[in-house]
Amino acid sequence: MFVSAEDSTPSFKGFTLILPAVSVGNVGQLAVDLIISTLNMPKVGHFHTDCLIPMVGNGPYSSLEQLSTNAEVYSHSDLKLAALQIRSPVLQNKGKLFRKLLVSWIKSSGFSRTVLLSSSHAYQRDDQQLKGPALRYLLSPALQDVGDTLRELGWAELEKVSVFPGINDSDKRHYIPGGGVTKGLYADCCAESVPLAVVLLFCSEGDNVPDAFTLTNHLNYWLHLLEKSPQGATPWKVPSSWRLLFGSGIPPLLF
Amino acid sequence: MATFFGEVLSVYSRAVEEDEYDDLEDENEEDAQIRREIEEKREVRVRWCPEVSKSVESSEQLQCSDLLIAVGPNAAGFISAYVLRPEDWTQVGWVSLWNERSRGSSRPDTAPQPGEPGCVIYRQDSCPSVLVCQSTCYIAEDQLFQWAEKVLGSMQRRSLSVTVLSDAPLTEYKTPDYLSGGDAPFLRALKTSTYASTLPCPLLEQPNIITGLPAAVLSHCQVQRIPAVLFQCFTDVIHPDSVTMETYKPILSCLGTSVKLETCPSVEMLQKLTRIHDAQSNLYT
């Protein structure tokens with residue numbers, strides 16, 4: 001359920017929604033962090049639901065002392081962009097309900113398109129998926145018209161893999177191991193004719209910060225959220241909450 | 001997973017759902033019924049004693065100006081030793097819940113006995129709008145949201161202010177500096193945007209986060225715009241101890257005059273709380 005932070009409910013009509021799937025290496029979540037932090041998007045509300053594990057902390061993007069919760073909505077009205085950041089995993093057995101809540105919110109808010117940032121286990125790729133860059137996309141039938149744009153950028157559509165490899169290669173399906181709600185949400189959006197694009201990266205768990213930069217850069221080629229700097233690099237701003245990813249300081253007496 | 005140093009660690013996937021199947025998709029009637037029954041069994045219920053339930057029924061919500069929630073052995077112990085004087089506080093209700101680790105619902109209609117894990121709600125006799133909730137039992141992840149909804153939902157939101165005391169091991173605290181044992185125990189606070197009072201301790205620094213019941217209560221209060229504050233005590237002692245409990249003392253100044261702090265805690269109570277674990281540590285005695 002969306003709860004506005006202000007007294008009035010913000011309008012998302014015609015906006016693009018970016019949201020992560022809680023997936024391998026948290027790549028989608030890290031990428032959404034980068035976008036919110038770089039574009040300085042103000043928080044407009046919470047996505048309050050019992051499907052996510054409760055979690056609170058102090059404002060992740062600035063030193064401002066502001067409580068942040070497990071799912072929050074940020075918005076940038078000039079770019080007509082909204083971002084839903086999800087900071088904790090979906091509870092077991094609540095995946096279906098969570099997807100239903102998301103789809104109904106997306107439909108009622110009037111988003112023109114939704115981009116789901118996700119990732120999948122790199123080690124489970126089949127032969128054809130090993131070729132080329134690690135980026136893949138999937139489009140729901142309602143968003144097929146951007147297919148040409150994405151192909152011009154050199155993106156590849158996620159290949160279907162055999163259900164029974166080596167035995168029967170005619171039976172194929174989309175397979176996104178480690179992708180969390182990705183496949184389910186894609187299926188729901190296809191069924192409900194919601195315009196959804198899944199942008200995913202094959203990756204392994206570890207330090208996934210470079211993966212997040214890769215995914216965000218690719219997304220920027222498509223959506224043009226941020227201009228490149230004269231040096232050619234896109235100046236993404238790393239949020240201050242990314243510090244101490246590898247734990248606290250070490251005892252100085254060690255040395 | 002093998003690390004850089006060669007040791008093999010069993011790590012859990014942050015994606016949670018390893019497998020692709022969604023067991024809810026092809027669920028038959030029997031599965032659905034079992035799931036419904038489990039859900040029903042795991043439901044969180046707030047039980048009030050007869051005189052309170054009457055007033056809850058008549059106005060549907062309980063009048064409450066200050067709610068103090070203590071989560072964990074040290075926070076609950078502090079409340080027992082420093083706040084809950086038997087002559088001024090009456091037990092008015094409890095939260096009944098069942099999960100793998102808290103099998104309280106064998107007797108869902110009886111309140112937890114003293115010393116037994118559970119969530120018990122007390123009311124101050126001299127000022128009946130002040131409530132204290134002591135939570136010492138394990139609450140499963142899927143019950144946290146419901147707990148906050150049910151407990152806070154049964155109280156009148158207007159003029160309600162929530163204070164949560166909680167404790168956590170020092171190892172959960174992230175800081176760029178090395179923390180030695182001498183620094184602990186210490187307090188950190190988190191507050192909702194509508195909370196206006198000054199705090200007796202620093203706010204929780206990034207990138208530290210809080211989970212569990214305090215997180216559920218704070219999220220609920222933030223969304224419902226109820227002023228709420230959490231005081232998290234980081235301690236390096238595993239069992240409840242009096243030094244850790246004393247850390248919470250400055251907090252009661254935030255509650256103003258509504259909750260009186262016992263300057264001299266009951267020694268008997270402190271001994272009872274901290275002695276529980278003595279019997280097991282008989283290696284050197």
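Each chain gets a letter, A, B and so on, in the order its sequence line appears, and its residues count up from 1. Quick note: numbers below take in every heavy atom, side chains included, and nothing from hydrogens, waters or symmetry partners.
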- Query: If you tally heavy-atom pairs under 4.5 Å against chain B, which of A:Thr182, A:Leu244, A:Leu52 wins?
  - Reply: A:Leu244
- Looking only at A:Thr49, A:Asn70, A:Asp50, A:Thr69, most heavy-atom pairs under 4.5 Å shared with chain B are made by A:Asp50
- Query: Under a 4.5 Å heavy-atom cutoff, which of B:Ala215, B:Ser193, B:Ala148 has the most pairs with chain A?
  - Reply: B:Ala215
- Would you find a donor on one side and an acceptor on the other, under 3.5 Å apart, between the side chain of B:Gln206 and the backbone of A:Gly59? yes
Please name the pair of heavy atoms, one in [X] and one in [Y], separated by the smallest distance, quoted to 0.1 Å.
X: A:Ala5; Y: B:Arg225; value: O-NH2, 3.3 Å
X: A:Pro54; Y: B:Leu144; value: CG-CB, 3.8 Å
X: A:Ser241; Y: B:Pro207; value: O-CB, 3.3 Å

Hey, could you give me the [atom1]/[atom2] distance between [X] and [Y], rounded to the nearest 0.5 Å?
X: A:His48; Y: B:His220; atom1: NE2; atom2: NE2; answer: 6.5 Å
X: A:Asn58; Y: B:Arg188; atom1: CG; atom2: CZ; answer: 11.5 Å
X: A:Leu67; Y: B:Gln222; atom1: CG; atom2: CD; answer: 4.5 Å
X: A:Ser248; Y: B:Asn208; atom1: OG; atom2: CG; answer: 7.5 Å
X: B:Leu190; Y: A:Gln66; atom1: CG; atom2: CD; answer: 12.0 Å
X: B:Ser219; Y: A:Glu72; atom1: OG; atom2: CD; answer: 9.0 Å

Sort [X] into side chain, backbone, both or neither according to what part of it lies under 4.5 angstrom from a heavy atom of chain B.
X: A:Ser4; result: backbone
X: A:Ala21; result: neither
X: A:Pro251; result: both

- Item | Close side-chain approach of A:Leu91 to B:Glu141, heavy-atom, < 4.5 Å | yes
Above 12 or not: heavy atoms from other molecules or residues under 6.0 Å from [atom1] of [X]?
X: A:Lys100; atom1: NZ; answer: no
X: A:Asp127; atom1: CG; answer: no
X: B:Glu100; atom1: CD; answer: yes

- Under 4.5 Å to a heavy atom of chain A? For B:Glu205 that would be neither
- Atom group of B:Asp142 that falls short of 4.5 Å from chain A, counting heavy atoms: both
